[in-house]
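Shown next, in structure tokens, is the structure this report addresses.
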Amino acid sequence: MKVKVLNRNEEEFTRERAQDLKKVHRNYEPTLHQFQRAHEYTRALNAAKLQKVFAKPFIAALTHSDGITCLARNPRILNSLLAGSADGDIRIWDIPVQRTLRRLKGHTGAVKGISFAPDGETCVSCSTDCSVRLWKVPFAPLEPGPVEADEAAVFEFQGRNAFRAIDHHWRQSLFATAGAAVEVWSHERSEPVNTFSWGADSVLSVKFNPAESDVFASTGGDRSIALYDLRSARPIRKLVMQTRTNAVAWNPMEAFNFTAASEDCNLYTYDMRKLQSAACVHKDFVSAVMDLDYSPIGREFVAGGYDRSVRIFNFNAGHSREVYHTKRMQRVFCVRFSGDGSYVFSGSDDMNVRVWKADASEQLGVTLPREKHKAAYNKALINRCDKQTHQAVAVGLGRAYAAGSCAPASLLRWCWRRSAACAGVHGCGCDYAVKVLCRVAGRCCFVIHHGVFLCCLRFLRCPAGTSTCRRSSASFGTGTCLLPFTRCVGGKAACFAGDRAACECSLLSCRHFIWSAREVMVCMQGRSTKA
């Protein structure tokens with residue numbers, strides 16, 4: 001006889017302290033947890049709702065005496081931020097205690113650009129007074145209280161024209177300025193060491209590549225984006241846009257990719273090796289986009305627009321995941337990510353530098369390990385359920401029409417948003433969920449009268465052999481009859497007379513099916529009839 005004995009170690013089940021958590025032993029056999037997916041969906045739904053409830057992104061506002069025109073973060077110190085204003089004032093802010101460490105005095109015109117050196121101890125600024133100044137940046141003292149003091153520039157570079165932007169090299173003591181042309185300066189020389197120009201009467205912005213530091217990009221007043229290399233004497237590539245580009249930013253983790261902020265309310269991500277078309281178009285702004293900046297990990301970027309809003313985009317997403325604005329915030333001229341990617345800074349025309357959370361619902365302060373695990377679990381749940389929903393809709397929608405049932409309107413709207421237009425009435429050029437629908441439900445495409453293309457909806461026989469109409473949202477809220485090739489006009493309860501044999505005809509014989517307000521043209525077995 002075989003006897004199985006349960007043996008349990010007392011130490012594994014005894015808590016050392018009363019505060020310790022009890023160990024829970026679970027059996028992960030799928031057959032024992034039949035409702036696991038339903039439970040996870042409920043938890044994900046609750047987590048998404050809680051994110052909206054606790055979304056309080058605004059943290060603080062740092063006040064200047066004039067509109068903010070440019071921002072720069074210290075690459076070595078997380079709590080240091082430089083802000084330049086239209087009155088020529090530059091302030092070094094200590095972000096955690098919201099105090100001004102230094103006021104850099106010297107510019108007589110509006111400050112148009114600021115950039116830190118790689119060591120984080122010096123910075124350069126340019127202004128409309130035709131000068132570039134080099135400054136020393138102090139560290140924040142440990143003692144609390146105000147430590148505001150004025151400081152003069154270490155060195156001054158004089159130019160022939162007003163400057164519009166500036167950016168420092170990521171490894172060398174060089175910086176580039178944008179004005180009448182792109183000029184490259186050295187800390188040791190008072191004259192530019194190199195000058196680049198390519199047809200533009202004025203250059204609006206300039207930005208060095210953080211990965212390939214000798215490559216930089218500039219935007220011109222002639223709607224152009226030009227790429228340069230310090231190792232060559234002339235520019236590399238040039239791209240002409242439809243509208244003017246206000247700013248450009250490089251992805252720090254993908255050396256070939258950059259994003260441009262355009263006047264047409266969009267942002268365009270390009271691969272410098274293939275400039276024929278944009279890799280991604282980022283929408284949602286309703287006015288010109290003024291500035292953008294990538295996070296240190298390169299997975300998202302922040303942009304500010306003339307519509308008084310700040311938006312955060314994923315690097316490959318067409319729409320923003322967050323939008324920030326306040327009642328008093330005016331036009332946003334500059335935005336920056338913090339060094340750790342947890343915060344976003346924005347400078348606007350209302351004389352304030354605002355500090356936001358990059359994750360609107362993130363809990364500030366010290367969090368317990370249990371709270372960190374809970375937040376990570378909720379985030380993973382939302383991402384997993386979102387991915388599963390996309391896949392389930394693609395397959396489930398096809399099964400619904402294959403079975404002759406109507407799909408919910410929300411699923412259809414999701415499919416139309418995720419799909420492209422049909423290539424024509426003879427075949428489908430859709431992608432994602434609708435492409436699955438085309439394979440499962442058939443190959444008959446039709447066009448409704450207001451020009452919206454729908455794909456591959458297979459009309460089968462009505463249930464129980466009836467020919468009554470059924471209210472369905474499959475055709476955008478109109479009454480649709482389940483009898484093949486018939487439709488209720490105006491949502492009425494009476495169907496057009498339809499041939500019962502149409503139910504049995506092959507879907508492959510349907511060449512076109514056009515809906516209009518007063519007539520229905522049916523094409524079956526090569527001949528067209530009007531109902």
Side-chain angles (χ1 to χ4, degrees), residues 14-24 40 43-63 71-83 91-101 116 120 137-148 252-253 293-302 310-312 314 321-326 335-347 352-385:
T14 304
R15 293 184 295 174
E16 296 181 359
R17 298 181 304 170
Q19 292 80 11
D20 291 347
L21 298 177
K22 292 183 179 180
K23 295 182 179 180
V24 179
E40 286 188 350
R43 292 173 186 169
L45 188 63
N46 293 334
K49 291 179 180 179
L50 288 176
Q51 279 188 352
K52 298 299 182 181
V53 170
F54 294 109
K56 296 180 179 179
F58 180 72
I59 298 177
L62 313 176
T63 306
L71 293 173
R73 71 167 186 262
N74 196 318
R76 299 292 183 181
I77 308 173
L78 290 178
N79 64 346
S80 181
L81 179 71
L82 270 176
R91 299 190 183 188
I92 305 176
W93 289 96
D94 187 5
I95 300 299
V97 294
Q98 303 177 25
R99 61 177 177 177
T100 303
L101 297 180
F116 271 97
V137 179
F139 292 97
L142 297 178
E143 63 272 7
V147 291
E148 182 175 340
M253 294 300 172
D293 185 46
Y294 267 93
S295 67
I297 60 174
R299 307 304 295 178
E300 56 187 7
F301 64 88
V302 60
V310 176
R311 295 181 182 271
I312 301 178
N314 291 327
R321 67 168 181 85
E322 297 285 358
V323 54
Y324 299 153
H325 63 90
T326 63
V335 289
R336 286 294 180 271
F337 254 102
S338 63
D340 58 352
S342 300
Y343 302 96
V344 169
F345 309 109
S346 66
N352 281 304
V353 177
R354 288 179 172 84
V355 185
W356 314 82
K357 290 188 289 186
D359 186 358
S361 58
E362 183 182 4
Q363 182 180 352
L364 295 180
V366 180
T367 56
L368 298 175
R370 185 172 19 174
E371 295 174 336
K372 293 181 180 179
H373 293 321
K374 179 64 175 177
Y377 175 67
N378 288 340
K379 188 175 181 180
L381 270 180
I382 295 174
N383 294 336
R384 184 192 308 171
C385 289

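No hydrogens, no waters, no symmetry mates; every other heavy atom, side chains included, goes into these values.
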Do the non-hydrogen side-chain atoms of [X] and [Y] ever get within less than 4.5 Å of each other?
X	Y	value
S361	L50	no
I95	L62	yes
F301	I312	no
S338	L78	no
E300	F337	yes
R73	F116	no

Would you call the rings of Y324 and W356 parallel, tilted or perpendicular, taking 30° and 60° as the class edges?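 Y324 vs W356 ring planes: parallel.
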Over all atoms of both residues, closest heavy-atom pair of [X] and [Y]:
X	Y	answer
P296	G339	CG-O, 3.1 Å
T367	K372	OG1-CE, 3.2 Å
S346	V310	CB-CG2, 3.8 Å
A44	I382	O-CG1, 3.9 Å
A83	V353	CB-CG2, 3.9 Å
L71	G347	CD1-N, 3.7 Å

What side chain to side chain donor-acceptor pair (under 3.5 Å) pairs are there with at least one residue in residues 43-56, not counting sequence neighbours?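 Non-adjacent pairs meeting side chain to side chain donor-acceptor pair (under 3.5 Å): R43-Y377.
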Atom [atom1] in [X], atom [atom2] in [Y]: separation rounded to 0.5 Å?
X	Y	atom1	atom2	value
L82	F345	CG	CZ	11.5 Å
F58	K357	CZ	NZ	12.0 Å
D359	L364	CG	CG	10.0 Å
R91	R99	CZ	CZ	15.0 Å
T63	Q98	OG1	CD	9.5 Å
L101	L81	CG	CG	10.5 Å

Residue R15 excluded, over 12 heavy atoms near CZ under 6.0 Å: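 Result for CZ/R15: enclosed.
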Please check this pair: side chain of N352 against backbone of R354, looking for a donor-acceptor N/O pair closer than 3.5 Å.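 The answer is no, because no donor-acceptor pair under 3.5 Å joins these two groups.
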Main chain of G120, side chain of N74: is a donor-acceptor contact present, judged purely on distance under 3.5 Å?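 Pair found, side chain donor or acceptor close to backbone of G120.
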